Amino acid sequence: MNLLPGKRKRQDLSTLSASMTNEERVVYNIIRGKKEMGIWQGEIKRETNIPDSILKKSIKLLISKTLIKEVVNIQNKSKKVLMAMDFEPSKEITGGEWYTEGRLDTQLIDALSDVCLKLISRKKVATRDGILEWTKTLGSEVFPGGVSPGQVEQILKVLVMENKLQEVNSTGFGDFSSIPAGEICFRLAKKVGTNVKVGVMASIPCGVCPRLKFCTPNGIISPTTCQYYQKWLDF
Amino acid sequence: MVTQHGIKLAVHLITNHFGNLVGVILSLSRLSDLFCSGIDIEILCVQKVCENLFSHGSLTLDQLIRFTELTKDQVKNSLLVLVQHNCCQAFVSAPEDDDDDADRLRVRTQYLVLFDNIIHRLRFPKFLETVTRTLDEECVELLDGLLRDGRLTLKQMVDRASQGKGKCFMMPVIENAVETKVVREILCKLLTARLVERCPAPEPVVSTSFKETTTRKRGAKSAKIFEAPETLEQRVLEAAVPGDAIRYSFTADMGSNADRETNSDDEQMISVEENTAKEEEILWRANFEEFVRHLRHKALIENIRTQHDDGTATVLSAVLEATKTVEKKVKLENSVPLSLDTITAEVMKTDTGRTMTMDRIRASLSQLGCSQRMIVDDAYSIDLKKIIERARNEEVESIVLKRYGRDAYRMFRLLSKDIGFHDTDQIAASTLVEKKEAPKLLYKLWKDNYLYMEKVVATGVKQITILMWKVNKPLLLEHVLDEMYHAALNLSLRMAFEQEKDEELLNVPKDKLKEPGPLQKKYKRLLNVWLLLGSSLMKLDEALMLFHDF
């Protein structure tokens, strides 16, 4: 259960309650009861049978009194979830630390990936903690919300999956001299300046064709009528 | 692994290659009127026989006649062509214990099509290039003859060599004897390198019943170790191929003659003549197995050179060169163990390795994955299977990246590295792919057979279906190989199409083609197209070998 600091005290709640209509009170209690999972408006209606117009009015008033908030649900972006201000939305609702407003924060991902690759390219080898320290020195302009160790670790793993980095154990010698032997660290997967090798199949039209399984020698899709082949051979 | 498109490619190669062969045979017989129709019929027969052998497995002559609906002579001639070119092997199935007398007397000769040998026809230029690099021009010419004609005796090789020098067939015996000695020497060079071998037994006896082969380790509680049963093709080839002592030797049969005492000069002369006659009757053919070994070594070395550096590639090359004659099979998982001293001595023999220090060699061996546990009794062994697997993974990942994009590439690599199942949300979270996009991409990969999927139903308050994903390596390998065969077939068909489209250009005199104009432009385009398609097919063939032969 995530609670914001400065939790409202019982007398505040009772004071607020006194200023609410019955419907508002019912709706607020239901929403607050769902804590960090929140609840969708349609579900409130099912539980309370409050008419639509009154329900909508109550929700609007509660929002204006900053008692509840709307949160985008990653599972269904069109159905916003209502949540008491006291609570932070759970990961199931937001999608986790990489999601903002229900969307994957690709800017953050790209910025952090870029920083990791540049640092490792310069230093030849780096650890997760080394990169984390470096992000702190870059300041809040680059990473306004800061960056957690978990995020750095995940980005490094994603870069390994993209075949841009290799995860290795430090030997303590040579390029690894500043890192204790045995510690996990990361280096570039390819030598700087070398191009990523394109496979043989990926270099010919059939290798990247989405219709290969429908292609037959005398069929509608065939090597002699193929548009991809035509473009490839059009010098 | 014989796949659907592999078979189509094999049949296409047979039709293509033997069309030319049959054309030559008919033109020599001067049946000019029947020339064109003759070629078509003959090619059709060979094609039909080949197709039926692929679809039904091994067949007797009678069965082939029935399935192909050809005449007995047509089927026999087709089989002769296929056997001559090592694309088919005859065998006799051994009588079974429960056979009655009639069955035991029945002729049991069956014919088995050899898929690998047909596909090897695609890479004859590479086999010739191997000999060009390692031996002399005369060896290349002799091998060329063997590849074109399938199998030859020494006498046929001599006749062929004589033809090539413009001499006629009717040479005095003494001059042919000199020619024979020269050709024999060239053949010996190829035999020493094991690039040529004696042809296999024409009709070995093979048991066709299959029993599960298991071996039990000592100890009552130890489990049975299941070994995949040998395929019929493996059994037939094992029975047909002679032992090494005979396979690469001229004189293995002559052992008894050599031991006999020579009583007189006459007997000695007869014996020599007999030996010569026997030698000239031995049928020889290219040893595809050795060529595949050469190409495998070449691929391993180039792979290491790209992944690491020239020094490490030199060390691997030296190890493979030193152990190639003692490798028991082509698809060796680990290199034959060698001591560091032996490896160093081998490395020093090479141009690039001459200046390498012991420490550098050790470092290279470490880069090749020779960790302490791989070193037994100071003998180093390199994990070759790992290098091959890595190359295969790179090839498949490259296809996924190009075809499905970066997000799919990350998800595929995650699943490739992990053996087990992952659910959709887990995959999206680990690879930072949008949660809504992940299922669509995973579904596409599954639909195209790059991923394996299972549904798990979780029962609770609500029944939820969870999709679990993984990479099934054996299935994936088979599928990618089939796609490669399909692509190779397409490249061949397109080459034929482009040639047919601009056929008239081939009849235009060369001087006219040199004049600037639309004709020259068309001709240049045709040359570029052939170069691109041809070189792409050769490169794709390397990938085919990586997935099937290595």
Side-chain angles (χ1 to χ4, degrees), chain A residues 74-77 91-92 95-99 102-106 108-110 112-113 151 154-155 157-163 171 189-191 194 196-210 212-213 215-218 221-226 228-230 232-235, chain B residues 8 12 306 309 391 394-404 406 409-414 417 428-437 444 448-449 480 483-484 486-498 500-501 524-525 528-529 532-533 536-537 539-544 546:
Chain A
I74 187 74
Q75 305 296 335
N76 192 338
K77 285 171 199 164
K91 263 190 182 176
E92 282 93 335
E97 56 192 348
W98 294 106
Y99 284 79
R103 297 192 72 86
L104 193 65
D105 194 343
T106 50
L108 172 61
I109 293 168
D110 289 343
L112 193 47
S113 301
Q151 282 178 307
Q154 187 154 19
I155 282 291
K157 287 202 162 111
V158 165
L159 289 170
V160 168
M161 274 181 241
E162 289 200 342
N163 212 9
T171 59
K190 308 264 181 271
K191 295 173 204 171
T194 54
V196 176
K197 188 185 167 192
V198 179
V200 171
M201 269 293 270
S203 313
I204 58 178
C206 300
V208 296
C209 179
L212 182 62
K213 58 185 175 192
C215 175
T216 55
N218 300 311
I221 303 173
S222 76
T224 51
T225 58
C226 176
Y228 298 129
Y229 255 107
Q230 201 51 49
W232 188 49
L233 297 174
D234 208 1
F235 298 111
Chain B
K8 287 182 181 172
H12 169 77
T306 312
D309 49 55
E394 273 182 1
E395 181 64 39
V396 177
E397 286 165 10
S398 180
I399 298 170
V400 171
L401 176 62
K402 209 72 192 290
R403 216 187 264 181
Y404 305 101
R406 200 148 275 280
Y409 174 69
R410 281 203 302 281
M411 292 195 288
F412 182 80
R413 270 176 63 84
L414 170 75
K417 305 281 176 225
S430 301
T431 56
L432 297 182
V433 172
E434 271 278 6
K435 284 191 179 178
K436 289 285 174 191
E437 288 306 309
K444 260 193 207 168
D448 292 345
N449 297 304
V480 170
E483 282 195 341
M484 287 179 173
H486 194 167
L489 176 63
N490 282 354
L491 278 168
S492 295
L493 291 171
R494 186 73 193 211
M495 272 176 87
F497 169 73
E498 291 290 337
E500 210 180 285
K501 207 170 67 168
K524 272 190 174 171
R525 186 206 163 260
N528 285 334
V529 163
L532 180 60
L533 291 171
S536 299
L537 186 57
K539 280 196 194 126
L540 181 60
D541 182 55
E542 285 169 19
L544 283 174
L546 178 66

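Chain naming here is simple, since letters A, B, ... match the order of the sequence lines and numbering starts at 1 in each. These numbers come from a predicted model, not from an experiment.
- For B:K436, the part sitting under 4.5 Å from any heavy atom of chain A is the side chain, from C-beta outward, and nothing else.
- Closest non-hydrogen pair, B:S398 versus A:G199, comes out as OG-N, 2.7 Å.
- Looking at B:A543, the atoms closer than 4.5 Å to chain A (heavy atoms on both sides) all sit in the side chain, from C-beta outward.
- Contact annotation for A:I204: only side-chain heavy atoms (C-beta onward) come within less than 4.5 Å of a heavy atom of chain B.
- Shown here is A:K157, whose NZ atom has no more than 12 heavy atoms of other residues, nucleotides or ligands within 6.0 Å.
- The shortest heavy-atom contact between A:V158 and B:S430 is CG2-O, 3.6 Å.
- Inter-residue side-chain proximity for B:L432 and A:T106 is flagged as unmet; no heavy-atom pair is nearer than 4.5 Å.
- A side-chain donor-acceptor contact under 3.5 Å links B:E395 to the backbone of A:M201.
- Ranked by non-hydrogen atom pairs under 4.5 Å with chain A, the options B:R406, B:K402, B:R410 are led by B:R410.
- The environment of A:R103 atom CZ is sparse: at most 12 non-hydrogen atoms of other residues, nucleotides or ligands sit within 6.0 angstrom.
- Here B:L532 is the residue among B:N449, B:L532, B:T431 with the most heavy-atom pairs under 4.5 Å with chain A.
- Here the closest heavy-atom approach between residue B:R494 and residue A:T225 is recorded as NH1-N, 4.5 Å.
- For the pair A:Y99/B:E434, a side-chain contact is recorded, criterion being any heavy-atom separation below 4.5 Å from C-beta on.
- Judged by distance alone, the side chain of B:R413 and the main-chain N or O of A:V160 form a donor-acceptor pair under 3.5 Å.
- When each of B:E483, B:K501, B:E437, B:E498 is scored by its heavy-atom pairs under 4.5 Å with chain A, the top score falls to B:E483.
- For chain B, the nearby parts of A:L233 are the backbone and the side chain; heavy atoms of each come within less than 4.5 Å.
- Only the backbone of B:A429 comes within contact range of chain A, with at least one heavy atom under 4.5 Å from a heavy atom of that chain.
- In this structure, A:E162 contributes its side chain and B:Y409 its backbone to no donor-acceptor pair below 3.5 Å.
- Of the two parts of A:P210, neither the backbone nor the side chain holds a non-hydrogen atom closer than 4.5 Å to a non-hydrogen atom of chain B.
- Counting heavy-atom neighbours within 6.0 Å of B:K444 NZ, excluding the residue itself, gives a total of 12 or less.
- The side-chain heavy atoms of A:Y229 and B:L491, taken from C-beta on, include a pair separated by under 4.5 Å.
- Each of A:P223, A:C226, A:P217 has some count of heavy-atom pairs under 4.5 Å with chain B, and the biggest count is that of A:P223.
- Neither the backbone nor the side chain of B:V480 comes within less than 4.5 Å of any heavy atom of chain A.
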Exercise for review: Carefully, step by step, assess A:W232 and B:L533 under the rule side-chain contact (heavy atoms from CB on, under 4.5 Å).
Suggested key: CA-CA 10 Å; A:W232 188 49; B:L533 291 171; 3.7 Å; yes

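- Here the side chains of B:D448 and A:L212 are not in contact, with every heavy-atom distance at 4.5 Å or above.
- When the options A:C209, A:C206, A:C215 are evaluated for a side chain to side chain contact (heavy atoms under 4.5 Å, CB included) with B:H486, the one that passes is A:C215.
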